[in-house]
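This report refers to the structure that appears directly beneath it.
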Amino acid sequence: MTFVVYNTLTRHKEPFRPLESGVVRMYNCGPTVYGRAHIGNFRAYIFADTLRRWLECSGVTVKQVMNITDVGHLLDDADEGEDKIESQAKKENRDPWEISRHWTRLFMEDIHKLGIEPAMVYPKASEHIPEMVEMIEGLLQKGYAYQAGEDVYFEVARFPRYGRLSGNTVSELDAGARIEVREEKRHPADFALWKSDARHIMKWPTRFGEHGFPGWHIECSAMARKHLGDRIDIHTGGEDNVFPHHECEIAQTECFTGAPFANYWMHTKFLQVDGGKMSKRLGNCYSIDDVVAKGYEPRALRFCLLRGQYRTPLNFTWAIMDESKSVLENLDDLAARLRRAMTGHGAAASSEAGLELVEECQAEFTEAMDDDLNTPRAVAALMQLRTAVLEERLGASAAAAANQFLVHTANKVLGCVRVEEESLDAEIERAIAARQDARKRKDFQASDRIRDELLAKGIVLEDTPKGVIWKRK
RNA sequence: GGCGGCAUAGCCAAGUGGUAAGGCGACGGAUUGCAAAUCCGUUAUUCCCCGGUUCGAUCCCGGGUGCCGCCUCCA
C-alpha cells in the first residue's frame with residue numbers, strides 16, 4: 001500500500017512520490033499576522049502537521065516550511081495602498097512592525113499548544129525582499145512581467161497554463177465585476193508583483209521606486225524557492241488559497257524557473273461553525289483562548305479538528321467539542337489499559353492472544369491514513385483495539401504490540417492522546433490507600449470523602465474486582 | 001452570472017453497484033456499599049428530494065433543494 005493523496009492540480013487521488021527519494025519538500029501557506037488566529041485557521045495548520053507527521057511515520061525526512069506573512073497584503077485592489085497590518089496598526093495607533101511581531105508570537109504559542117510540530121523554518125516575508133526582487137527582475141527580463149509607473153505586474157496572457165489549478169480561465173474570470181480595474185494593467189487578470197505607495201510605512205526602495213512593497217503572491221514563491229529550491233513536492237493551504245493565490249504562485253515560479261513548481265497541491269476545506277460560516281458578527285470566530293476558557297484542553301481541539309477528513313466540510317459547535325473530549329478521553333483510557341494489560345492486568349491468559357486482531361487494527365489504521373489522510377477511519381480502527389482490550393481479549397504481548405503501535409505510530413500522527421505512563425505523588429498514593437482501608441472497615445462516609453477530595457484534585461478512582469484503578473480527569 | 005465541494009440515525013462520522021463501519025449520547029438490564037468504569041441489550045426499513053440507467057443504487061447519470069468555498073489579499 002502506498003500513500004495516496006488528492007491533488008488539486010489533477011483533481012484526482014494519486015500515489016505520492018517525492019522528487020528525491022526519502023526526502024519531502026513541503027511548503028505550507030501560513031498566517032498573515034495582523035490578528036489572532038481562529039479555530040478555522042488551525043484546521044489548515046493541523047492538516048499540514050498531520051501530513052508531515054504521517055510522512056515521517058513512513059520513514060521520510062520532511063523539509064517543511066511555513067511562511068509568516070508580515071507585510072504586503074492589501075485591503076483591496078484600489079489605489080489605497082493600505083495593507084491589513086498597516087490598517088490594524090492605524091486602528092491601534094501602533095507601529096505595524098510591532099503589530100506583526102505581536103501576532104507572530106501569539107501564533108507560535110497557539111500552534112505549540114495544539115501540539116503542532118515546528119516546521120524547519122518560518123520565513124518572514126519582510127526578511128525576503130531581495131529574493132522577491134530577484135524573481136521580479138527575472139520575470140521582467142524574460143518578458144513575463146511589465147512595469148507600470150512604480151508598479152510591476154505579471155502578465156497573465158504570457159502564461160497559458162494560468163487557471164489550470166483552479167479551473168478558471170482568463171477569459172471567464174469576471175474581472176472588474178466587483179473591483180475597479182486599474183488602468184495601467186494590460187489585462188484585468190494581471191496581478192501585482194510590486195506596488196508603490198508613499199504613505200506605506202513598511203516599504204523598501206528599489207529601482208522601481210522609493211516607496212515599494214511586494215505584491216501578495218510573490219512572497220510565497222520567493223520563500224519556497226529560497227528554503228526548498230525551485231521545485232517542491234507539496235504545497236498546502238486552505239481552499240480559499242486555490243485562486244488567486246496559488247494560481248499566481250505557479251505562474252510566477254514556473255515562468256521564473258522554467259520548471260514545474262509543486263507536484264502536489266493539497267487544500268483544506270473550511271471549518272464551519274454552528275452550521276455556517278463563522279463570522280465576527282456572530283461572535284463565533286473562536287480562538288484557542290475561547291476554547292481553553294470553556295474548560296477544554298487544546299489537545300481536545302486538535303482532536304476535534306481531526307474528526308473529519310480534511311477535504312470534507314467540518315462543523316464545529318460546543319456540543320461537538322464536548323463529544324470530541326469524551327472520545328479523546330476514551331483513547332487516553334485505551335492507552336492506560338494497554339499499559340496495564342502489558343503487565344498482565346486485565347489481559348487474556350495467553351500472552352499471544354489477540355495478536356492477529358492487533359495486526360488487523362494496525363493495518364486498518366495505516367490503510368486509512370494512506371488513503372489521503374482519512375483520520376476518522378483511522379480513529380475507528382483504534383476503537384476496535386479499545387473494544388478488544390476492554391473485553392480482555394488481548395494477551396500481554398499483544399497488548400505490548402498494540403501499545404507500541406499506539407505510541408510510536410498512531411499517536412505520532414494524531415498527536416493528542418495521553419500515552420505516557422503517569423505517576424502519582426506520595427500524598428495521593430497514601431490517600432488512595434487510606435480510602436481502601438476505610439472501605440474494608442465499611443466506613444463509607446470516610447471513603448467517599450476521600451474519593452471526593454481526590455476528584456477535586458483531578459484523580460478519578462474506579463473500584464474493580466481486582467483492586468482500585470486511578471486516572472487523571 | 002461563471003467554476004467547485006458537500007448532504008448518511010438525536011449528534012459526530014466511515015463506506016460500498018447487492019441492501020448501511022465506528023463513535024458520542026440516550027434508554028433498559030447486570031455489576032457496585034453508593035458512584036464511576038465495565039458488560040449485555042435497544043437506538044438508520046425514503047443513506048436530502050425527483051427522475052433515469054441496472055436484475056438490483058445510498059453509491060452511476062440528469063434535474064432540483066440546502067450548506068460551504070472561489071471568481072475582492074478570509075485557512
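Remember, predicted model here, so these are calculated numbers, not experimental data. Quick note on labels: first sequence line is chain A, next is B, and so on, each numbered from 1.
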Got a donor-acceptor contact below 3.5 angstrom from the [X] side chain to the [Y] backbone?
{"X": "A:Arg386", "Y": "A:Asn330", "value": "yes"}
{"X": "A:Arg161", "Y": "A:Ala251", "value": "no"}
{"X": "A:Glu131", "Y": "A:Met223", "value": "no"}
{"X": "A:Glu297", "Y": "A:Ala300", "value": "no"}
{"X": "A:Asn168", "Y": "A:Gly163", "value": "no"}

Classify [X] by what it touches in the nucleic acid, base, sugar-phosphate, or nothing, heavy-atom distance under 4.0 Å.
{"X": "A:Pro244", "value": "sugar-phosphate"}
{"X": "A:Asp240", "value": "base"}
{"X": "A:Gly237", "value": "sugar-phosphate"}
{"X": "A:Val242", "value": "nothing"}
{"X": "A:His38", "value": "base"}

Given RNA chain B, 5'-ward residue of the pair A:Leu314 and A:Leu271, judged by closest heavy atom: A:Leu314
RNA chain B: 5'-proximal contact among A:Gln384 and A:Arg307 (nearest heavy atom): A:Arg307
A:Ser221 and A:Gln252: side chain donor to acceptor below 3.5 Å: yes
Residue pair A:Gln362 / A:Thr366, side-chain donor-acceptor N/O under 3.5 Å: no
With rounding to the closest Å, how many angstrom separate the [atom1] atoms on [N] and [M]?
{"N": "B:A36", "M": "B:A30", "atom1": "C1'", "value": "16 Å"}
{"N": "B:A44", "M": "B:G33", "atom1": "C1'", "value": "41 Å"}
{"N": "B:G63", "M": "B:G5", "atom1": "P", "value": "13 Å"}
{"N": "B:C49", "M": "B:C40", "atom1": "C1'", "value": "40 Å"}
{"N": "B:G4", "M": "B:G15", "atom1": "P", "value": "23 Å"}
{"N": "B:G62", "M": "B:G41", "atom1": "C1'", "value": "45 Å"}
{"N": "B:U16", "M": "B:C60", "atom1": "P", "value": "10 Å"}
{"N": "B:U58", "M": "B:G18", "atom1": "P", "value": "11 Å"}

Nucleotides 32-39 of chain B: protein proximity per nucleotide (B base, S sugar-phosphate only, - neither; heavy atom, under 4.0 Å): -BBBBSSS
Could you state the atom-to-atom distance from [atom1] of [X] to [atom2] of [N] in whole Å?
{"X": "A:Tyr34", "N": "B:A75", "atom1": "OH", "atom2": "C1'", "answer": "11 Å"}
{"X": "A:Lys269", "N": "B:G4", "atom1": "NZ", "atom2": "P", "answer": "12 Å"}
{"X": "A:Tyr162", "N": "B:C3", "atom1": "OH", "atom2": "C1'", "answer": "14 Å"}
{"X": "A:Phe191", "N": "B:U72", "atom1": "CZ", "atom2": "P", "answer": "13 Å"}
{"X": "A:Arg43", "N": "B:C6", "atom1": "CZ", "atom2": "P", "answer": "13 Å"}
{"X": "A:Asn168", "N": "B:G69", "atom1": "CG", "atom2": "C1'", "answer": "12 Å"}
{"X": "A:Tyr310", "N": "B:A13", "atom1": "OH", "atom2": "C1'", "answer": "17 Å"}
{"X": "A:Met321", "N": "B:G25", "atom1": "CE", "atom2": "P", "answer": "15 Å"}

Nearest to side-chain heavy atoms of A:Asn374, which nucleotide of B:G15, B:A75, B:C71: B:G15
Candidate nucleotides B:C68, B:A14, B:G23, ranked by approach to the side chain of A:Phe270 - the nearest: B:C68
Pair A:His235 + A:Tyr264: ring centers closer than 6.0 Å: no
Close aromatic pair by centroid cut-off 6.0 Å: A:Phe303 and A:Tyr296: no
Results of side-chain hydrogen bond (donor to acceptor under 3.5 Å, both in side chains) for A:His217 - residues two or more places apart only: A:His245
Under the side-chain hydrogen bond (donor to acceptor under 3.5 Å, both in side chains) test, residues paired with A:Glu329 that sit two or more places apart: none
Pairing pattern in dot-bracket form [Watson-Crick, G-U; both distances under 3.5 Å; | = partner strand] for RNA chain B: (((((((..(((.....[...)))((((((.......))))))....(((((..]....))))))))))))....
Check: B:G25 base within 3.5 Å donor-acceptor of A:Glu323 side chain: no
cation_pi(A:Arg311, A:Tyr6) dist<6.0 Å, angle<=45: yes
Ring geometry between A:Trp265 and A:His267 (parallel below 30°, tilted from 30 to 60°, perpendicular above 60°): parallel
Partners meeting salt bridge (charged side-chain N to carboxylate O under 4.0 Å, His left out) with A:Arg377 (sequence neighbours left out): A:Glu364, A:Glu367, A:Asp371
Could you go through nucleotides 64-67 of chain B and list every protein N or O atom that sits under 3.5 Å from one of its N or O atoms, giving the distance for each pair?
residue	atom	partner	partner atom	Å
B:C67	O2'	A:Gln272	NE2	3.0

Aromatic ring of A:Tyr45 stacked on base six-ring of B:A75, 5.5 Å, 30°: no
